[in-house]
Amino acid sequence: MDSPVQRDVVFDVAVVGFGPSGAVAAGLLAGMGLRVWVCDRSREVYDKPRAVAIDHEILRVFQQLGVVDAVMPFVEPFTPSEYFGVDGQLIKRLTMVEPPYPLGYTPSNVFTQPPVEAALRAHVQSLEHATVALGTEVTALSQDAEAVTLQWRRDNDEVGRTRARYVVACDGASSFVREQVGIALEDLSFDEPWLVVDVLANERGLAKLPKTSVQYCEPDRPCTMVIGPGNHRRWEISLKPGEDPQKVIEPAETWKLLSRWLSPDEGTLWRQASYRFHALVADTWRRGRVFVAGDAAHQQPPFLGQGMCQGVRDVANLAWKLAAVLRGEVTGAAAESLLGSYGVERKRHVEQLTTRIKGIGAVICERDVAKARERDARMLEECGGVVRDMPRQDVIPGLEGGLLSPVAHPGNGTLFPQPWIAQGSERVRLDALGGNGWWLVLDEGFDDVDWEHATPRITTLRLGDSLPETEGIAAAWFRRHGCRAAIVRPDRYVYGVASNAPELAAQLDALAARFTDHSPIQTTETT
Ligand SMILES: O=C(O)CCc1cccc(O)c1
């Protein structure tokens, strides 16, 4: 059931698009007590899987939302991925990092999108401060000094307007909102036609299929097979010049392309979609009161399964900044600066990760046989002829620029770990104890520190007697980074670190200055 549309209310935030990024944005914002209006053109969750991969960082965001228990039944650890070269030889192997896991979840996972999306939507619909408008399409947008006005049309032809202080556009790759505010996409130079096929394999099919995910780095037709949850298998198959993207999604044609692995009596086609795999990023991520996020802000080839993850990273980055501004915790130029840091951080991260994804794509997609053989020889030479396991998550970059300490340190912009903490006979994840705001995490035995700034409000978490870790993850993080204290942002990225009390006091003073009298945060999105 839709929530009633409140026409006379100015909402804090309107979220356009109720896919995963929009639902997470709406859930985080409404969960913080902001009045949120979220709309989507369709009434139903799309019943087929577009995304298949989900990282631990995203599960941690789901934990913050309060939906992680509802989604875990639809999540499974990623299998290893094997890359095979021109002659079918193993040239690379991606695996899971060994436990203990740094963020409290298996780092790389596959999931079933429709029920996860349904859980996200149901959660938002349960929130007191969220107004959900389904079957509702935004048709026009204008902004003034106070707010944004969205005009919309319902699927029953009802029309109306909604005003909100800010808008987050999560309306997908062909975003109407992005176009309305004149944000262009920069081309990061990848554009290829591929077929994506999801199959539910039966027992005979499963018995025949590879037991790891596979990248077939074959010049004739590069392709991928991903092991999804249960009996879900996904193929991504590059199309050759002259192949018709519309024809290959016809079941008989799709089965021809799958014939190397399966025949029609060994599985059921769940979804066939022809895509152009692109690498695109919004040139700016904010126009006035309007922000772009998710596929509206970037698209990347799928070779590392980062499409949905990147969208959730966007809105997790933006939500706490919008909340700080809307609650008046930061005002004036400092507020503008904080909001500007969203685009700086996310655009650079998307550019860096997309570059890495394209690098992986270049390995997989080499069409020249001689060059592909050279690639295979080089990769085998690099590992001394023995392909070593490489953890998948090592390729996800941290944040740079934006709201990070000006005192450079390799820990800045990385995700602070989420250790398990002993609580009586139970163990609890740190985020559940620390709450959703800023943290000051002190390593066991760190000297007391006196500080008095009210902005931002920071919760002090002392590891040790009051917060005993069960696996030593945070202690190991401090050792690895050569520091004793970490200032951690509400999105759990490390703002800055310190080794002693005077260093920490200076860091906290500088942070407070950025929230009060506006020591500048870098807000130029160009790199
Ligand atoms: O990390 C891997 O091994 C593969 C990740 C992946 C996920 C989804 C599609 C795809 O092409 C690759």
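First listed ligand is number 1; within each ligand, the first listed atom is number 1. Residue numbers run from 1 in the order of the sequence given.
- The existence of a salt bridge linking D491 and R313 is excluded, since no basic side-chain nitrogen approaches an acidic carboxylate oxygen closer than 4.0 Å.
- More than 12 heavy-atom neighbours from other residues, nucleotides or ligands sit within 6.0 angstrom of NZ on K48.
- A salt bridge does not link R378 to E381: none of the charged nitrogens lies less than 4.0 Å from a carboxylate oxygen.
- Between the side chain of E243 and the backbone N or O of K240 there is at least one donor-acceptor pair closer than 3.5 Å.
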Measure from every N or O atom of ligand 1 to the protein's N or O atoms and keep only the pairs below 3.5 Å, writing each with atom names and distance to 0.1 Å.
unit_1: ligand 1; atom_1: 1 (O); unit_2: R392; atom_2: NE; d: 2.5
unit_1: ligand 1; atom_1: 3 (O); unit_2: S81; atom_2: OG; d: 2.3
unit_1: ligand 1; atom_1: 3 (O); unit_2: R392; atom_2: NE; d: 2.9
unit_1: ligand 1; atom_1: 3 (O); unit_2: R392; atom_2: NH2; d: 3.1
unit_1: ligand 1; atom_1: 11 (O); unit_2: E236; atom_2: OE1; d: 2.4
unit_1: ligand 1; atom_1: 11 (O); unit_2: E236; atom_2: OE2; d: 3.4
unit_1: ligand 1; atom_1: 11 (O); unit_2: P302; atom_2: O; d: 3.1

Review item, side-chain donor-acceptor pairs of residues 61-71, under 3.5 Å, at least two apart:
unit_1: Q63; atom_1: OE1; unit_2: Y105; atom_2: OH; d: 2.8
unit_1: Q63; atom_1: OE1; unit_2: Q418; atom_2: NE2; d: 2.9
unit_1: Q63; atom_1: NE2; unit_2: Q418; atom_2: OE1; d: 3.0

Steps toward side-chain contact (heavy atoms from CB on, under 4.5 Å) verdict (L353, Q310)
CA-CA 9 Å; L353 184 51; Q310 284 291 55; 3.3 Å; yes

